[in-house]
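These notes concern the structure reproduced below.
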2 protein chains.
Amino acid sequence: MTNIRDLAREANVSVTTVSRVLNDHPYVANEKRQAVREAIEKLGYIRNQTAVHLSTGMTKTVGVMLPFVDHPYHAAILQGIAQAAFDASYRFLTWQTNYVETHEQLALDALAQQEIDALIVVSHSLPLSAILSYEQYGPIVFCEHHEDVAAVYIDHYTAFQQGLAHLRQQGHTSIGICLGRPDSTNSLARKHAYQEVVRDEFVYEQTLTIEDGATVARRWMQQKQRPTAILTASDHVAAGLILELRKQGYQVPGDLSVIGFDGSELAEVLAMTTIAIPYATIGRHAFQLTVREDLVARPQIEVPSTFIAGTTVLPHT
Amino acid sequence: MTNIRDLAREANVSVTTVSRVLNDHPYVANEKRQAVREAIEKLGYIRNQTAVHLSTGMTKTVGVMLPFVDHPYHAAILQGIAQAAFDASYRFLTWQTNYVETHEQLALDALAQQEIDALIVVSHSLPLSAILSYEQYGPIVFCEHHEDVAAVYIDHYTAFQQGLAHLRQQGHTSIGICLGRPDSTNSLARKHAYQEVVRDEFVYEQTLTIEDGATVARRWMQQKQRPTAILTASDHVAAGLILELRKQGYQVPGDLSVIGFDGSELAEVLAMTTIAIPYATIGRHAFQLTVREDLVARPQIEVPSTFIAGTTVLPHT
DNA sequence: TTGTACGCGTTATCAT
DNA sequence: ATGATAACGCGTACAA
């Protein structure tokens with residue numbers, strides 16, 4: 001591998017001059033600049049990024065800690081990050097954690113070891129305090145709401161309120177909800193919105209997948225007291241719920257009104273009533289926060305959710 | 001930042017000994033090892049990975065060049081890569097290219113600049129030869145079939161043959177196909193399988209999204225000569241096709257039989273007949289190829305596709 | 001405008 | 001078993 005010293009020798013200049021040419025610095029005579037360019041060409045020189053990183057103390061790389069690379073909404077956030085990082089000439093490393101704490105730890109280690117300049121936490125299992133103790137090593141931005149933390153998030157409380165309000169407008173009073181991981185920040189906010197307005201309690205927890213939605217359907221069918229509408233925590237769960245009910249001969253929305261959450265392709269395909277979340281936007285903002293100068297002030301950005309009227313809700317009669 | 005020199009001073013040993021302790025090398029007296037450990041603890045030392053990378057000439061990082069982070073099957077490949085890389089204590093950098101050649105180039109540059117040890121090309125626009133000219137800088141593995149290249153791929157020819165055979169068994173003779181990017185390796189293989197057995201030509205090109213599927217539906221409705229069955233290039237296209245037809249009052253599969261491709265959640269939800277591809281497996285194999293010692297032999301791995309009988313095909317009468 | 005010399009933090013070589 | 005020292009390749013005070 002040829003290095004800048006070789007170039008300097010070839011072009012009859014100092015390594016400093018070579019470095020200046022490489023980085024488009026001013027104060028280089030045109031002929032010397034030319035000489036360096038020719039040397040680069042002749043020797044087939046290619047800059048070693050690792051050396052740049054060591055010398056500058058920066059990697060121009062952000063880390064992303066997220067549970068699953070291939071779950072639609074995590075992937076959508078990742079796509080937003082990818083786009084914003086690209087625009088800023090940054091790269092990103094991804095840690096797929098499966099919500100396993102030891103895996104999450106590896107992303108934190110990378111920050112401490114200066115492998116990444118900043119870390120975006122899309123979702124996590126580790127206690128917040130454990131993560132925040134790594135802020136000394138670099139910026140950490142969350143895609144979930146937490147107090148006193150740099151974050152970009154959607155207000156799940158308000159989003160769920162929108163859904164509940166719609167159902168109540170349609171005359172539903174016996175309303176159920178599906179939650180994902182029961183203790184997550186999101187679930188707590190959703191539950192909060194729910195308990196404020198709903199008398200009967202139909203809470204289905206630990207629902208994450210299409211299959212979980214089908215399970216909810218089976219539980220619903222066996223219940224004596226049934227809600228007439230269910231607000232789910234994701235379009236996936238809603239899809240599983242809807243399709244299982246229809247398979248068993250029930251009508252959706254005739255027998256049960258269902259609202260999804262995410263605004264995914266699934267919702268589009270099933271013409272589902274849902275609450276759309278601009279996940280890519282969350283990712284873009286998250287990246288932009290990592291490079292913001294006033295990050296110490298721990299700015300927070302709330303992105304809006306959008307109620308989408310579909311065909312899976314009917315008025316309750 | 002405290003470094004190994006500080007540790008050496010604190011523990012009264014040489015930097016070499018410190019390095020040995022750090023890397024669990026033999027030939028270190030227990031008491032010295034202990035002294036170093038204590039110094040690490042006391043000074044709060046954390047290893048700088050960039051320096052390790054520079055010194056070893058490796059980054060333990062692979063690059064992934066792929067068009068879209070959030071398209072389901074690309075994300076599924078990425079998830080396989082993430083998993084295999086994790087198992088091997090590797091990290092991965094992702095370049096989302098949108099099929100833009102200048103973006104793809106950045107991933108190649110990263111390989112040349114030793115920012116990554118190897119590159120996985122999930123899909124690309126650049127000419128193959130342009131990519132292969134970077135093999136001098138490190139291993140390059142493809143997730144598509146090309147001659148004389150390290151690759152893991154599915155045989156689109158055989159996969160499409162399966163679908164066509166099924167339709168013909170069901171009595172269909174007037175069969176259409178949807179293709180994605182018309183000149184991609186995959187499309188050519190698919191077209192090949194198609195033209196071998198089908199008389200009438202109903203080829204719908206440039207179909208990639210759900211919306212494209214709806215467009216195909218509108219074209220189909222306007223045709224005087226119509227195929228009785230369509231083999232699509234993705235579940236997305238099939239979903240758009242099916243839903244638009246149903247919206248317009250046509251029966252699927254009554255008026256048109258449809259076969260998807262991918263085996264995605266969409267297919268599951270619509271109970272679609274489709275051809276399932278183990279995308280995560282492709283990703284895993286791709287990563288494993290990058291670290292294989294006999295990579296110079298340019299090994300190729302073919303992964304099998306699976307025909308999934310659903311409810312979107314009826315016999316032609 | 002240019003160059004010298006050193007620092008970045010680690011691993012590897014080679015001698016002892 | 002241990003250590004001195006030379007890489008690794010680049011950026012940058014500082015001096016000229």
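Note: hydrogens, waters and symmetry copies are ignored here, and every other heavy atom, side chains too, is used. All chains are named by letter (A, B, ...) in the order of the sequence lines, taking the proteins before the strands, and each is independently numbered beginning at 1.
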Arg5(B) near the nucleic acid: base, sugar-phosphate alone, or nothing, with a heavy-atom cut-off under 4.0 Å? base
Counting only side-chain nitrogens and oxygens, does Ser55(B) get under 4.0 Å of the OP1 or OP2 atom of dC8(D)? no
Report the distance from atom CG of Asn23(B) to atom P of dT13(C), rounded to the nearest whole Å. 13 Å
Interatomic distance, Glu31(A) CD vs dT2(C) P [rounded to whole Å]: 8 Å
From OH of Tyr45(B) over to P of dG9(C), roughly how many Å is that when rounded to an integer? 10 Å
Examine the base of dG3(C) for any acceptor or donor lying under 3.5 Å from a partner atom in the side chain of Arg20(A), and report the outcome as yes or no. yes
Tyr27(A) six-ring centre to Arg20(A) NZ/CZ under 6.0 Å and within 45° of normal: no
Comparing Asn12(B) and Thr56(B) on DNA chain D - which has the more 5′ nearest nucleotide: Asn12(B)
Qualifying residue, where the test is side chain to side chain contact (heavy atoms under 4.5 Å, CB included) with Phe92(B) and the options are Thr290(B), Thr61(B), Leu78(B), Ile116(B): Leu78(B)
Pick base, sugar-phosphate or nothing for Val15(B), based on heavy-atom distances below 4.0 Å to the nucleic acid. base
Separation of atom CZ in Arg33(A) from atom C1' in dT2(C), rounded to whole Å: 13 Å
Below 4.0 angstrom, N of the basic side chain to O of the carboxylate: do Asp148(B) and Arg298(B) qualify? yes
Does a side-chain N or O of Tyr27(A) approach OP1 or OP2 of dT12(D) to a distance below 4.0 Å, or not? no
Respond yes when some side-chain nitrogen or oxygen of Asn48(B) is under 4.0 Å from OP1 or OP2 of dG9(C), and no when none is. no
Please state how far atom CD1 in Ile4(B) lies from atom C1' in dA6(D), giving the value in whole angstrom units. 13 Å
Side-chain N or O of Thr17(A) closer than 4.0 Å to phosphate OP1/OP2 of dT2(C): no
Using whole Å, report how far NE2 of His25(B) lies from C1' of dG3(D). 16 Å
Rounded to whole angstroms, how far apart are CD on Gln49(B) and C1' on dC8(C)? 15 Å
Could you tell me whether Val18(A) contacts a base, only the sugar-phosphate backbone, or nothing, with contacts defined as non-hydrogen atoms closer than 4.0 Å? nothing
Search all heavy atoms of Ala75(A) against all heavy atoms of Val69(A) and return the closest pair with its distance. CB-O, 3.5 Å
Is it the case that atom CD in Gln136(A) sees more than 12 heavy atoms from other parts of the structure closer than 6.0 Å? yes
Would you indicate, yes or no, if dC8(C) has its OP1 or OP2 atom less than 4.0 angstrom from a side-chain nitrogen or oxygen of Asn3(B)? no
Take the protein atom CG of Leu54(B) and the nucleotide atom C1' of dC8(C), then report the distance between them rounded to whole Å. 9 Å
Spell out yes or no: do the side chain of Thr16(A) and the base of dT4(C) have one donor N/O and one acceptor N/O closer than 3.5 Å? yes
